[in-house]
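Each chain gets a letter, A, B and so on, in the order its sequence line appears, and its residues count up from 1. As the structure is a prediction and not an experimental result, all values here were calculated from the model.
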Amino acid sequence: MTPADIAASILRILASLQASGSLVAGELPADVTVERPKNRDHGDWATNIAMQWGVKLAGNPREFATLLAAELGKEPGVEKVDVAGPGFINITLSAAAAGELAKQIVLAGNAFGTGSDLLGLKMNLEFVSANPTGPIHIGGTRWAAVGDSLARIFEAQGATVTREYYFNDHGAQIDRFARSLVAASRNEAAPEDGYAGEYINQIASEVLVQHPDAATLPDEEAIETFRAAGVDLMFAEIRKSLEDFGVHFDVFFHENSLYESGAVQKAIERLRTLGHIYELDGAIWLRSTTFGDDRDRVVIKSDGEAAYIAGDLAYYLDKRERGFDRAIYMLGADHHGYVQRMMAMCAAFGDEPGVNLEILIGQLVNLVKDGEPVRMSKRAGTVVTMEDLVEVVGVDAARYALTRSSINSMLDIDLDQLSKKTNDNPVFYVQYAHARTKQVSNNAVSLGVDDSEFDPALLTHASESELLGKLAQLPKVMAHSAVERAPHLVARYLEEVAGAYHRWYDNCRVTPLSEQPVESVHRTRLWLNNAASVVLANGLRVLGVSAPERM
RNA sequence: GCGCUUGUAGCUCAACGGAUAGAGCAUCUGACUACGGAUCAGAAGGUUGGGGGUUCGAGUCCCUCCAAGCGCACCA
């Protein structure tokens, strides 16, 4: 019996109580929260439904709880129901009913933990989108890890997710990048506002391999040559880093294409038709204040050049026209000023802000050295790239470390500490638990413990109850993390599962001690062991972290 | 000045408005002639930045003050 089963039973009982006149007529709850109490004295599962609905349906919470508890106690598999405090309903299951879950999990396999909350929804998730003027640094790496994990979580709820990278290959930053390459190829100092660093020299020399005469071309031609070839090379490097990191983008969208295709003009015309465009001082403006922005925005500057937002307009429209119900942008905190104007833009197109367009703002990553914050600077050579991080700790540890914290909080990364003491990364605790489930399973099979028998009433140890309780929560955790756009909830949950598993392992043997016979309890525990294996593997999968069989 | 985010154990961080605020690391004490000790058991560690409010109940919601990060362009 799962918490979802209990919730369903409660809803059925409430309808029945109301039909028989025991409860006041009227609206009934559509959903019931059933959660694991922190304190095990409060039973296996608890609900606060009486505090939320008791006054309305029965005059007071205790009265309501008592009525409900009496009926709930008659449900098969329910051993005991208590009413506590202001109206908590505490439910204790029989060992057999609680243990049944182990078999359900094993039979569900990879599907355990998935849901259908987002079934049929077409989502576009844009993340990273770092400019191709340098390698992806540690900040962008955080979005790569979190964004990809989020996509996996949405997919587990039935959504169709397109992972998209907005490739900014238009505008002044690219010009600076090109001029920096030209300078490097001529052994000149980098331009004042340009980029420097070993990677610039490398790219420049690679361009020279392709175009041996590029450095000696006239400036205009040289810049154009280095721009085209340099961006391609940088882009290829970024793409490779991401793939090595386990993040696969379905679409790399080139900003430049919006200008070449006329999409920008089209978007502006659409807004003009809708009456949200005006001209002033020779520039073309979007009247975004109509939709809550704190000022109107220039779309086409008075010199005729497009402002940055012009691309955003066209890009958003393009996403919607490609059939996405939701366009989600993940941006760093240094871009949070965009939110208001982007939402205004969304509304100007007649869409619903927060629904069709959603913007997730994540706080930045701080680089820390010897306890002191270090500002990442390309000139100072203190930039830590995705590749640096992976080289030091590996993909699994890197992704886990970047994903296990809420994106709302700043993250400190100390490379020296990570490289010295990798054990303090909880990913190993979780992975070890998974490896242990596999070793236990292998040992069991080789020693004659098979899964031919399953008697859940034998799963009576306190650590078994605790483990089963944790395992039962995967579906809810996954669904909740999708709603909250918070992959870190899955990571934290896995740490709890791993702890529960290790404690169980310490108390309950799957294989009997030598010379002892194999009994029903061992075969049944093998199911529980394998259920833990499934939960850990399914959770690690959505985090993009491997579930090793041995470490 | 205005806005977004944050403030929880020595450190890094958790906690659908729920019951005694939890993990890991670090510290201390224990446990293998046991399916892998990358483990487990225990101890210690807190006025959830301060102050008000909302309610059966607040780390969580509202107001205010303090502190930190990041933003407030016809830059991208």
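- Figure legend: cation-pi geometry between A:Arg297 and A:Trp285 absent, as NZ or CZ is not positioned both under 6.0 Å from the six-membered ring centre and within 45° of its axis.
- Protein atom CZ of A:Arg36 is 16 Å distant from nucleotide atom C1' of B:rG22, rounded to whole Å.
- Below 30°, between 30° and 60°, or above 60°: for A:Phe177 and A:Tyr195 the angle between ring planes is above 60°, a perpendicular geometry.
- To the nearest angstrom, P of B:rG3 lies 11 Å from NE2 of A:His336.
- When the C1' atom of B:rC56 is taken as reference, atom CG of A:Asn60 falls 11 Å away, rounded to whole Å.
- Using a 4.0 Å heavy-atom distance criterion, A:Arg509 is classed as a base contact.
- Here A:Asp412 lies in heavy-atom contact (under 4.0 Å) with sugar-phosphate atoms only.
- Checked against side-chain hydrogen bond (donor to acceptor under 3.5 Å, both in side chains), A:Glu453 has the following partners two or more places apart in sequence or in another chain: A:Ser520, A:Arg523.
- Between A:Leu364 atom CG and B:rG71 atom C1' the separation is 10 Å, expressed in whole Å.
- Listed pair A:Tyr429 / B:rC40 meets the phosphate criterion, a side-chain N or O lying under 4.0 Å from OP1 or OP2.
- Counting non-hydrogen atoms under 4.0 angstrom, A:Ser302 reaches a base of the nucleic acid.
- At the heavy-atom level, A:Tyr505 lies under 4.0 Å from base atoms of the strands shown.
- With the 3.5 Å cutoff on both pairing distances, Watson-Crick and G-U pairs in RNA chain B assemble into runs of at least 3 at B:1-7 with B:66-72, B:10-13 with B:22-25, B:27-31 with B:39-43, B:49-53 with B:61-65.
- Within the 4.0 angstrom heavy-atom criterion, only backbone atoms of the sugar-phosphate kind lie near A:Gln173; the bases stay farther away.
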Review item, nucleotides 15-20 of chain B N/O atoms under 3.5 Å of protein N/O:
unit_1	atom_1	unit_2	atom_2	d
B:rA15	OP1	A:His488	NE2	3.0
B:rC16	N4	A:Asn48	ND2	3.4
B:rG18	N7	A:Asn48	ND2	2.8
B:rA19	OP2	A:Lys38	NZ	2.8
B:rA19	N6	A:Asn90	OD1	2.8
B:rA19	N1	A:Asn90	OD1	3.1
B:rA19	N1	A:Asn90	ND2	3.3
B:rU20	O4	A:Asn39	ND2	2.9

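- None of A:Thr141, A:Val392, A:Leu367 except one satisfies the side-chain contact (heavy atoms from CB on, under 4.5 Å) rule with A:Val384; the exception is A:Leu367.
- In this structure, A:His276 has its ring center under 6.0 Å from that of A:Phe291.
- As judged by a 4.0 angstrom heavy-atom cut-off over every strand, A:Ile361 is placed among residues making no nucleic acid contact.
- Nucleotides B:rA38 and B:rG51, compared at atom P, are 46 Å apart to the nearest Å.
- Across all strands shown, A:Arg550 has heavy atoms under 4.0 Å from base atoms, whether or not it also approaches the sugar-phosphate.
- Between the CG atom of A:Leu494 and the C1' atom of B:rA38 there is a distance of 17 Å, rounded to whole Å.
- Just one residue in the list A:Asp506, A:Asn529, A:Thr437 forms a side-chain hydrogen bond (donor to acceptor under 3.5 Å, both in side chains) with A:Tyr501, and that residue is A:Asn529.
- What separates CG of A:Asp293 from P of B:rC4 is a distance of 14 Å, to the nearest Å.
- Contacts of A:Ala283 with the nucleic acid, taken as non-hydrogen atoms under 4.0 Å apart, include base atoms.
- Counting any heavy atom pair closer than 4.0 Å across all strands shown, A:Leu447 reaches no nucleic acid atom.
- When the C1' atom of B:rU5 is taken as reference, atom CG of A:Asn366 falls 13 Å away, rounded to whole Å.
- In this structure, A:Arg287 does not pair ionically with A:Asp293, as no charged nitrogen and carboxylate oxygen lie closer than 4.0 Å.
- For A:His254, the side-chain contact (heavy atoms from CB on, under 4.5 Å) test picks out A:Phe167, A:Asp169, A:Phe235, A:Ser257, with sequence neighbours left out.
- The ring-ring contact (aromatic ring centres under 6.0 Å, His included) test applied to A:Phe253 returns A:Tyr315, not counting sequence neighbours.
- Among the protein residues, A:Arg40 comes within range of no part of the nucleic acid, since none of its heavy atoms lies under 4.0 Å from any strand.
- Backbone-only engagement by A:His170 is indicated by non-hydrogen atom pairs under 4.0 Å involving sugar-phosphate atoms exclusively.
- Remark: C1' of B:rC74 and CZ of A:Arg341 are 12 Å apart, rounded to the nearest angstrom.
- Contacts of A:Asn168 classified as side-chain contact (heavy atoms from CB on, under 4.5 Å), with partners at least two apart in sequence or in another chain: A:Asn131, A:Glu255, A:Tyr308.
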